[in-house]
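The model shown is predicted, which means the values in this text are computed figures rather than measured ones. Side chains included, hydrogens not; waters and symmetry mates left out as well; all remaining heavy atoms used. Sequence lines set the chain letters: A, B, ... in the order given, protein chains first and strands last, and positions in each chain run from 1.
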Amino acid sequence: MPELPEVHTIAKELNKKVSGRAITDYWSDWPKSIKSSNTTKFKKELIGLRIKSVDRIGKNIVFHLSREKVLLIHQKMTGHLMVGRWSVKKRSNKWVVESEIRGVFQERVNQYIHNIFYLDNEGMIALSDMRKFGKLYLGSKKEVLGLPEIKNLGPDALNITQEEFNKRIAKKKKAIKLTLMDPSVVAGIGNIYADEILWSARVHPLRSSNSISNKELRKVFKYTKEILDKAIKLRGSSVGDYRDASGEKGSYSDHMLVYRLTGSPCKRCATPIERAKAGQRSAHFCPRCQEL
DNA sequence: TGCAGTGTTGCTTC
DNA sequence: CGAAGCAACACTGC
């Protein structure tokens with residue numbers, strides 16, 4: 001999935017492109033995406049509402065709608081929202097989504113679009129999501145803020161203070177990599193950026209969180225901010241089929257220093273990068289720069 | 001061919 | 001309470 005920089009990029013772009021628009025229709029061939037009610041009710045409640053603004057909470061995209069309603073979208077692993085135009089047809093009992101390219105709708109380009117929101121200016125917002133983990137919730141502000149994925153969220157990685165950061169990390173005993181990725185500790189850091197941050201800070205991903213010195217925590221904090229800021233400037237990373245809301249790739253991927261670089265020489269000391277397991281996730285690190 | 005691995009996180013189990 | 005493992009799903013690469 002998109003991590004903080006990718007979600008941030010998409011939310012900002014959506015805010016610019018769809019604020020002020022009303023939602024006129026909704027289509028989906030994967031009703032399981034909707035978590036707040038069934039498709040019929042969701043559609044009935046959604047149609048007619050106007051998008052006031054779009055922002056994010058952690059990795060969730062938040063559409064602030066008229067009548068104090070909120071549409072929350074979590075893109076999970078492979079989801080990405082896009083603004084454009086598509087045509088949906090049923091062919092031998094299967095839905096086919098065609099993209100508009102230079103005024104012509106072409107088949108087989110968007111086989112992963114499972115949700116489309118139609119707008120009152122002929123535009124559309126689509127959720128492309130290969131693995132179909134993406135989730136949609138529609139509700140009042142209060143209902144949405146009460147969802148566990150919002151309520152349990154720690155401070156945002158871009159806003160957290162050094163003090164709070166240290167305190168929250170020192171409380172945990174699990175691997176620092178897992179703590180950085182734990183949304184209830186700090187919101188926004190995922191697998192890619194956790195590896196990048198720890199490499200820059202020279203902290204081994206499997207060190208237990210409560211063993212990290214204050215001096216090291218200062219570096220982890222500093223690189224968290226620096227790396228996320230830089231990634232936002234570059235419009236995120238494109239791993240797999242991630243694209244921003246206009247369908248463009250993010251370019252931070254070209255700047256990655258350890259993520260998925262197992263066996264390549266460390267950019268600092270040329271020692272081959274290794275891969276280890278932290279929980280069910282893999283961690284990439286330099287065994288020389290990042291001592292256990 | 002089969003299976004481990006892939007951007008997330010809530011839930012279950014211990 | 002915390003930590004660990006699993007599930008949701010489709011696809012890739014060894």
Side-chain angles (χ1 to χ4, degrees), chain A residues 1-10 28-36 56-61 72-81 94 97 108 110-115 127-137 144 146-154 156-157 168-197 206-211 227-228 231-232 234-244 249-250 252-253 256 258-263 274-284:
Chain A
M1 151 269 44
E3 301 184 31
L4 186 149
E6 294 76 36
V7 176
H8 193 89
T9 303
I10 288 182
S28 176
D29 67 349
W30 188 249
K32 281 165 88 175
S33 311
I34 304 169
K35 299 296 167 184
S36 50
R56 68 166 182 90
I57 304 179
K59 296 173 190 167
N60 301 274
I61 310 257
L72 188 82
I73 301 184
H74 198 303
Q75 311 177 109
K76 292 283 175 152
M77 298 281 265
T78 54
H80 51 270
L81 288 163
K94 263 190 74 180
V97 179
R108 288 195 149 275
N110 279 290
Q111 50 182 322
Y112 302 128
I113 289 179
H114 300 292
N115 288 274
L127 175 60
S128 170
D129 187 11
M130 185 184 73
R131 289 173 73 179
K132 302 186 198 169
F133 290 170
K135 293 179 176 186
L136 315 179
Y137 301 84
V144 168
L147 292 169
E149 40 269 84
I150 301 298
K151 188 181 64 184
N152 300 338
L153 227 44
D156 194 88
R168 286 170 163 270
I169 288 173
K171 264 202 281 196
K172 297 283 180 186
K173 291 188 183 127
K174 57 185 174 186
I176 181 65
K177 155 118 183 177
L178 294 178
T179 300
L180 280 182
M181 289 168 61
D182 182 342
S184 71
V185 173
V186 51
I189 305 172
N191 206 27
I192 298 176
Y193 295 103
D195 277 359
E196 296 294 313
I197 290 163
L206 300 186
R207 293 264 306 281
S208 88
S209 306
N210 61 359
S211 78
I227 289 172
L228 294 179
I232 288 171
L234 295 170
R235 309 182 63 75
S237 307
S238 288
V239 172
D241 70 346
Y242 167 78
R243 297 293 183 275
D244 69 18
K249 289 190 178 194
Y252 189 80
S253 343
M256 288 195 304
V258 271
Y259 181 71
R260 283 195 191 172
L261 291 175
T262 314
E274 290 183 6
R275 190 168 75 103
K277 286 278 238 171
Q280 312 292 103
R281 315 303 298 281
S282 65
H284 308 82

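- Put simply, CD1 on A:Ile192 is 14 Å from C1' on B:dG5, counting in whole angstrom units.
- Taking NE2 of A:His8 as the reference point, atom CG of A:Leu228 lies at 10.0 Å (rounded to 0.5 Å).
- The 5' end of DNA chain B is approached more closely, in terms of each residue's nearest nucleotide, by A:His80 than by the other of A:His80 and A:Ile150.
- Between A:Ile10 and A:Arg56 the shortest side-chain heavy-atom distance does not fall below 4.5 Å.
- For the residue pair A:His284 / A:Asp195, a side-chain donor-acceptor distance below 3.5 Å is found, with atom types taken as modelled.
- B:dT8 atom P lies 4 Å from atom NZ of A:Lys59, rounded to whole Å.
- Close to B:dG5, at under 4.0 Å from its OP1 or OP2, lies no side-chain N or O of A:Arg281.
- Look at B:dT9: its Watson-Crick or wobble partner, with both distances under 3.5 angstrom, is C:dA7.
- Residues A:Arg131 and A:Glu149 each lie close to DNA chain B; by heavy-atom proximity, the contact nearer the 5' end of the strand is made by A:Arg131.
- As a whole-Å value, the separation of A:Asn191 CG from B:dT6 C1' is 9 Å.
- Rounded to whole Å, the separation between the P atoms of C:dG5 and B:dA4 comes to 15 Å.
- Residue contacts for A:Gly190: at a heavy-atom cut-off of 4.0 Å it reaches the sugar-phosphate backbone alone, with no base atom in range.
- In this entry the distance linking NZ of A:Lys135 with P of B:dC11 reads 7 Å, nearest Å.
- Of the side-chain N and O atoms in A:Ser282, one or more sit less than 4.0 angstrom from OP1 or OP2 of B:dT6.
- For A:Gln280, whose side chain is taken as the heavy atoms from C-beta onward, the closest listed nucleotide among C:dC9, C:dC11, C:dC6 is C:dC6.
- A heavy-atom distance below 4.5 Å is not found between the side chains of A:Glu149 and A:His74.
- Closest to the side chain of A:Glu3, out of B:dT6, C:dC11, B:dT8, is B:dT8.
- Using a 4.0 Å cut-off, some side-chain N or O of A:His74 falls inside it from OP1 or OP2 of B:dT9.
- Each of A:Asn191, A:Val186, A:Val185 was scored for a side-chain contact (heavy atoms from CB on, under 4.5 Å) with A:Ile189, with one residue passing: A:Val186.
- Atom-to-atom, CG of A:Asp129 to P of C:dC11 comes out at 12 Å; the value is rounded to the nearest Å.
- Of the residues A:Asp129, A:Leu81, A:Asn60, A:Val7, the one that meets the side-chain contact (heavy atoms from CB on, under 4.5 Å) test with A:Ile73 is A:Leu81.
- Contact between the side-chain N/O atoms of A:Lys32 and the OP1/OP2 oxygens of C:dA8 is not found at any separation under 4.0 Å.
- The interatomic distance linking A:Lys177 (NZ) with C:dA4 (P) rounds to 15 Å, in whole Å.
- Within the 4.0 Å cut-off from OP1 or OP2 of B:dG5, at least one side-chain nitrogen or oxygen of A:Lys277 is found.
- A:Arg275 has a side-chain polar atom (N or O) that falls below the 4.0 Å cut-off from OP1 or OP2 of B:dT6.
- Taking atom P on both nucleotides, B:dC3 is separated from C:dC6 by 16 Å, rounded to a whole Å.
- Between the C1' atom of B:dT8 and the OH atom of A:Tyr137 lies a distance of 12 Å, rounded to the nearest Å.
- Between A:Tyr112 and C:dC9, a side-chain N or O to OP1/OP2 separation shorter than 4.0 Å is absent.
- In this structure, the CE atom of A:Met77 is 14 Å from the P atom of B:dG10, given to the nearest Å.
- Distances shown here put every side-chain N or O of A:Lys173 at or beyond 4.0 Å from the OP1 or OP2 atom of C:dG2.
- OP1 and OP2 of C:dG2 both lie 4.0 Å or more from every side-chain N or O belonging to A:Lys174.
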